[in-house]
Participant: 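Structure below; questions to follow.
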Amino acid sequence: MSTKFMIIDGSSLVHRAFYALPILSTAGGIYTNAVYGFTTMLLKLLENVKPDAVAVAFDKSRITFRNEFYQAYKAHRQATPSELAEQFSYVRRLVEAFGIKVLEEAGYEADDIIGTVACQAEQHGFDVLIVTGDKDALQLVKPGVQVMLTRKGITDLEVFNPETFFAKYGITPKQFIDMKGLMGDPSDNIPGVAGIGEKTALKLLQQFGDMEAVLQHLDQVSGKKLQETLANSVEIALLSKKLATIVCDMPLAFEAESYKFQPDMAKLQELFILLEFQSLIPRLTGLTAGKTIPALEEHSLPTAQIAVSAEDLAEIRKSLRTDSCLAVFPVVSGAVPALTVDGMAVSCQGQAVYVPADSACWDGILSLLADSSVAKMTHDGKQLLNSCRQMGAPCRHLAFDTIIAAYLIEPSATDYSLNVLSHQYLSQMANVTAGDSQSSDFAVWAARTIEALYPVFRQRLESAGLFSLFADIEVPLVDILSAMETGGITVDTEHLKTINRDLSAKIEKLLAAIYAISGEQFNVNSTKQLGALLFDKLQLPVIKKTKTGYSTDAEVLDKLLGRHPVIEYLLNYRMLTKLKSTYLDGMGILVNSLTGRIHTTFNQTVTTTGRLSSSEPNLQNIPVRTEEGRRIRELFIPGRDWNLILSADYSQIELRVLAHMSDDANLIDAFRQNQDIHTRTASEVFGVSMAEVTPPMRSKAKAVNFGIVYGISDYGLSRDIGVARKEAALYIESYFSRYPGVKKYMEQSVAMAKEQGYVSTLFGRRRYLPDINNSNFSLRSFAERTAMNTPIQGTAADIIKKAMVDVYALMQERRLKSRMLVQVHDELLFEVTEEEKDEVASLVKQAMEQTVELSVPLLVDVNTGENWAAAK
DNA sequence: AGACTCACG
DNA sequence: ACGTACGTGAGTCTT
């Protein structure tokens, strides 16, 4: 197989690109259109030609040896515009990052270097390809040397070999020089013989062969006039030919090794980011595949099952610099706690392999994962860590998770799949195997894509001030959530069955009573049928309507209480069936039959505020508000090797955060004195002493406090506490006059959102509010309330997340057996041993209260019990 | 798939 | 005059 040598006329292509593309510049004002055009061409060439050796030649100066004997050579050329001149240094840096040798010599044009190197390479047995936009280079075509010429623009390319050249021009490449000598070339200021054009030159050369032959046999030239013209122009003809001749014997040493193409992926990514070539980054990943590392080349990518040897992994390990990351992407099936790992793709600087779990060098992969000196990046680190926990293999030093990065950059997005991210951030086409995340091809693509996304995300995180939140809180939390999911929480299944039987009996009785009172059997779960009974047959007053009919929700039923005996039964029925279907039946089937535990999924990228969410089952909405509901909490018990459930919850964390962020003196005072905040608010709003606050006053004040946190509106408050809107407005006015700092803070939050388009938490987490200036009242109001609520809810979320990181680290440090089980926004749940109970209680309380220092103290209540209900 | 209802913070 | 309290997930019925 022959080896390919590609020589590019950098000067020519950059000029072409500059004039072919509209002026582009980065946000920082760097002009990039020529660099961009050149880079896309270079990438395309590397992809299509797959050269083994590459060089790029540049003109070094305007003055060359040709000026020595002909001053006017290229003299009338316009000066390079500064917009283009500035781009050459970036082109050079790019070429160097690509690991491509740059050629330039004082006194010579790029063409001469190209001619010289082309001849040398051809003599060394290379297949040479010259790429240029300058037709002059066509004279270099010969067996073993092809010229690729840009036609119009920069994408249309035409390849010439001796045959295709002759077919097109009817002369040989060597004669091309004679043509130019005779005709001249106005663009280069080559004079040529006056009065000889293309037709005549062609005729002469076809008859005589070359210029020298023409001049020696002037007598044989047809036409007296032409003979005279030529005779008078011998010197100028020979000079013109000399000017047009590309030098092929410059004194240049040829070292084949120095032209070997070896891209530096890290440098390239850096430059692409700098120049804002995001869309080109993924093209880098294909560059070196199976190319530069011989050990990998043998098992050439990307076939599905790749046998990888220990040496291959050693190569990867070798190419891992201390500041570089290993991208990993596991292929898994099933879910926690019955997860199977089929294999894993790993990639380092574009060199990727897929290793099946049953292959000989799987241990090599596991040792890479366990090696804390090798930083890992992945997409969905929790999945990776769950996989490792499943195998009982440690995975150390998770440094970057693209799913978390994408979430922090854009928390309102709903789809953080790699496919979407590569499209969104790398402008990459959808991966064809994307539907099959089980496939090894997908995994290899995924690992490379993660690497390509890394610099983009890293830069975005840093420029948005999100990196510390990312690296110090969110990424460490990934491992903790994985541990919590894998560990699970034990459920008392016997007790579950008992409660379920009990509930079923009660529901059956209620159902019978409902049928008896209403005089008909119907589906009570159907709001449509229930509405027909209540509002058509029984003629009860319609309190509220929904889009599709009558509303029958608890609020409506509450208002109908006493108007008909069936209402009370319905309310109870609703409550009990909810408990049964969602919490007993629904959760029951999710208890693992082997471990007796439930393994929820904690989602770290769902909420727009920064909170976690929990699903399958949702352990963050286990009933607590009613007596019947609290029985569900009795089902959550410590595992066999533990003794107690410990619960630690922040007291009024959101209002404390508000006190801190608003810097309201009155609110701060309330918390510094550790007063009952709702009583204090009642005293302020109603203008009475705290001792005079009555229970209804306190309850109203409590609603006001909630309203404040949610982004208050008189309408919402009036609806919640059942007073006239005017009265609600009065409470709000009164509140703000007593807490002016809070009022100012809320106004600032909205103003900030309107100005910069987003609001942020104490830790820098952002939420964008595109509707904040919308002319639609409803949408705008919603955005305004969000602007008030998100910094508070989000900061509280930041705080408990940071506390989890602190608590987990301390528990590991002290090698405690007790384990963190669940997070419920302001509460952490643990299973603890009797011996560790006191230590964990004080450790947790301390860590949670001290994780951040606010202008008011954080207060954590800790309780233990034999189950979740008892730990209150 | 969307609406409704209801569980939690 | 406008018309929603903020953030979630799950079960059930209807279309």
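All values below come from the heavy atoms of this structure, side chains included, with hydrogens, waters and symmetry mates left out. Reminder, nothing fancy here: chain letters follow the sequence lines and each chain counts from 1.
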Participant: Please list, in numerical order, the residues of residues 540-557 of chain A that have a heavy atom closer than 4.0 Å to any atom of DNA chain C.
Facilitator: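 Nucleic-acid contacts, sorted: none.
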
Participant: Taking only residues two or more places apart in sequence, or in another chain, which ones meet A:Lys802 in a side chain to side chain donor-acceptor pair (under 3.5 Å)?
Facilitator: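 A:Lys802 satisfies side chain to side chain donor-acceptor pair (under 3.5 Å) with A:Thr851 only.
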
Participant: In residues 853-866 of chain A, which ones come under 4.0 Å of DNA chain B, going by heavy atoms?
Facilitator: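 Contacts with DNA chain B under 4.0 Å: none.
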
Participant: Check each residue of residues 526-535 of chain A for a non-hydrogen atom within less than 4.0 Å of any atom in DNA chain B, then write out the ones that pass by number, or none.
Facilitator: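 Residues of residues 526-535 of chain A that come under 4.0 Å of DNA chain B are, in numerical order, A:Thr527.
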
Participant: Do any pairs count as a side-chain hydrogen bond (donor to acceptor under 3.5 Å, both in side chains) and have a residue in residues 726-743 of chain A, sequence neighbours left out, and if so which ones?
Facilitator: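 As it turns out, the side-chain hydrogen bond (donor to acceptor under 3.5 Å, both in side chains) pairs with a partner in residues 726-743 of chain A, which skip direct neighbours, are A:Glu684-A:Arg738, A:Glu727-A:Tyr731.
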
Participant: Please give the distance between the P atoms of B:dA7 and C:dC2 as a whole number of Å.
Facilitator: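 My reading of the P atoms in B:dA7 and C:dC2 gives 32 Å.
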
Participant: For DNA chain C, what is the dot-bracket line, given that a base pair needs Watson-Crick (N1 to N3, plus N6-O4 or O6-N4) or G-U wobble (N1-O2 and O6-N3) geometry with both distances under 3.5 Å, and | means paired with another strand?
Facilitator: .....|||||||||.

Participant: By side chain to side chain donor-acceptor pair (under 3.5 Å), which residues pair with A:Gln539, not counting sequence neighbours?
Facilitator: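 Here no residue qualifies.
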
Participant: On DNA chain C, reading 5' to 3', which nucleotide is the first and which the last to sit with an atom under 4.0 Å from a heavy atom of chain A, could you check?
Facilitator: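 Result: C:dC2 to C:dT15.
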
Participant: With sequence neighbours excluded, what pairs up with A:Tyr550 under the ring pair (Phe, Tyr, Trp, His ring centres under 6.0 Å) test?
Facilitator: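 Scan of A:Tyr550 (ring pair (Phe, Tyr, Trp, His ring centres under 6.0 Å), adjacent residues dropped) gives A:Phe535.
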
Participant: Enumerate the residue pairs fulfilling salt bridge (Lys or Arg N to Asp or Glu O under 4.0 Å) with a member in residues 569-588 of chain A, sequence neighbours excluded, ordered by first and then second residue.
Facilitator: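 Listed once each, the pairs are A:Lys580-A:Asp585.
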
Participant: So if I take residues 572-583 of chain A and measure heavy-atom distances to DNA chain B, which residues fall below 4.0 Å?
Facilitator: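 Nucleic-acid contacts, sorted: A:Arg574, A:Lys578, A:Tyr583.
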
Participant: Hey, can you pull the residues of residues 745-760 of chain A with a non-hydrogen atom under 4.0 angstrom from DNA chain C?
Facilitator: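 Of all residues in residues 745-760 of chain A, none places a heavy atom under 4.0 Å from DNA chain C.
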
